[in-house]
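Note that ligands are numbered from 1 as they come in the structure, with each ligand's atoms numbered from 1 the same way. In this text, all values refer to a predicted model and were calculated from it rather than measured experimentally.
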Amino acid sequence: MNWIDTHCHLDAAEFGADRDAVLARARAAGVAQIVLPAVEVGNFDAVRELAHQHQLVYALGIHPLYVERAAAGDLEHLAAALRRHRDDPRLVAVGEIGLDHFVPGLDRELQQRFYLAQLRLAQEFALPVILHVRRSADVLLAGLRRIEVVGGIAHAFNGSDVQADEFVSRGFRLGFGGAMTFERALQIRRLAQRLPQQALVLETDAPDIPPWWLYRSAQARARGESSRNEPAELPRIAQSLATLRGWTQADTAAITVANAKAALPRLAALSS
Ligand SMILES: [Zn+2]
């Protein structure tokens, strides 16, 4: 069985000591492809090099939690990188971009400026976008109404039914991962159950968003216990989706892989 992890920060420091082993476990678990989104100009080279080194794919963008430390020229740097690598078949999207209205004290105006500018770049380069959506779905959708892009993935989606439906009607897929494995995640599980099947893609967001079996409380983490997530967990995370939909694991793999390829056309071109 083959799986695609549509969102994993494999370049993160958490994987610094054992990245090759993490990848080997992912491959052994059937995770055949992994999308590596960038978060700031400083990791553009890292995600591109990792993708080329391991036959993976990547996205370039500036994450909303990184805009405050971005330099004035970083949007131009992104534009230049997209231009320079526009013929790189492993560059599949602009991302991770978006808005975070959950973390307190962030500069929302600055986030919005980066978001809209990066949507324009996605439009210019005809690339899909990988969106960070955290209490910000309505404002993100307003941006997509102003600046139409070819679609993409709303990653770690945790919005309302109405918001989900509008993303889907705009051709977006919604990313489901570790959060879906928690029984108390009623809204996420309801979305996973009722959305049209072509809207669903799977992701780990590793090293973040651990599934329940990796989750450790803040106190446990303070004691040094790790809740690090990794792409090899994807098939077990997928079991939650399979159960919610009444699908077999094979159905779940086939459907979500087809959806990931539809969301990221260059990924489909690469594997054909
Ligand atoms: Zn991310």
- Could you check Ile255 against Leu200 for side-chain contact (heavy atoms from CB on, under 4.5 Å), going step by step and ending with a plain yes or no? CA-CA 8 Å; Ile255 290 165; Leu200 309 170; 5.8 Å; no

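- We find that Asp251 and Arg245 are not joined by a salt bridge, their nearest charged nitrogen and carboxylate oxygen being 4.0 Å or further apart.
- For Asp165 and Arg194, the salt-bridge test passes: some basic side-chain N is under 4.0 Å from an acidic carboxylate O.
- Here the side chains of Ile4 and Val201 are not in contact, with every heavy-atom distance at 4.5 Å or above.
- No side-chain donor-acceptor contact under 3.5 Å links His54 and His52.
- Excluding waters, the count of protein N/O/S atoms less than 2.8 Å from the Zn ion (ligand 1) comes to 3.
- Using a 4.0 Å cut-off between charged nitrogen and carboxylate oxygen, Arg145 and Glu166 count as a salt-bridge pair.
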